[in-house]
Amino acid sequence: RQMCIRDRPVWKIESRTVQDGSKRLVYLINMNHETREVSLKSADAISRARDLITEESVSVDSLLLKSFDVKFLEIE
């Protein structure tokens with residue numbers, strides 16, 4: 001997995017991923033003082049992503065993280 005802004009690496013975004021059967025759980029924390037837009041890339045195809053905090057579907061191509069914002073995602 002790689003986080004990018006316009007295909008460039010992102011700094012001060014903390015993330016961890018854990019495999020849970022066929023799904024992956026990912027958390028993201030923006031440690032910047034500014035809002036950042038990130039995308040998640042994976043060697044495996046991502047068919048679906050869901051924010052487990054808001055219970056909404058999200059696009060991993062464009063995730064907006066406000067300063068010190070937290071995202072907890074389930075990815076298939």
Can you tell me how far CD1 of I46 sits from CD1 of I75, rounded to the nearest 0.5 angstrom? 5.0 Å

State plainly whether one hydrophobic cluster holds both L25 and V58, where clusters connect Ile, Leu, Val, Met, Phe, Trp and Tyr through side-chain heavy atoms under 4.5 angstrom apart. no

Suppose the criterion is side-chain hydrogen bond (donor to acceptor under 3.5 Å, both in side chains): which pairs have a residue in residues 43-61, not counting sequence neighbours? R48-E74, R48-E76, R50-E74

Please name all residues satisfying side-chain contact (heavy atoms from CB on, under 4.5 Å) with Q19, sequence neighbours left out, ordered by chain then number. R24

For residues 41-65, pull every pair meeting ring-ring contact (aromatic ring centres under 6.0 Å, His included), keeping only residues two or more places apart or in separate chains. none

Name all residues meeting the side-chain contact (heavy atoms from CB on, under 4.5 Å) criterion together with T35; count only those two or more places apart in sequence or in a different chain, and write none if there are none. L64, K66

Taking V60 as the starting point, is it possible to reach I53 by hopping between hydrophobic residues whose side chains are less than 4.5 Å apart? no

Could you tell me the separation between the CG atom of L28 and the CD atom of E14, rounded to the nearest 0.5 Å? 10.0 Å

Are the side chains of L63 and L73 in touch, meaning some heavy atoms are under 4.5 Å apart? yes

Quick one: list whatever passes side chain to side chain donor-acceptor pair (under 3.5 Å) with S62, sequence neighbours left out. E37

Enter the distance from R16:CZ to I29:CD1 here, rounded to the nearest 0.5 Å. 9.5 Å

Provide the full list of ring-ring contact (aromatic ring centres under 6.0 Å, His included) pairs with a residue in residues 33-54, sequence neighbours left out, each pair given once. H33-F68

Are Y27 and L40 linked, directly or through intermediate hydrophobic residues, by side-chain heavy-atom contacts shorter than 4.5 Å (ILVMFWY only)? no

Among residues two or more places apart or on two chains, list those pairs meeting ring-ring contact (aromatic ring centres under 6.0 Å, His included) that have a residue in residues 38-61. none

Is the shortest side-chain heavy-atom distance between R36 and I13 below 4.5 Å? yes

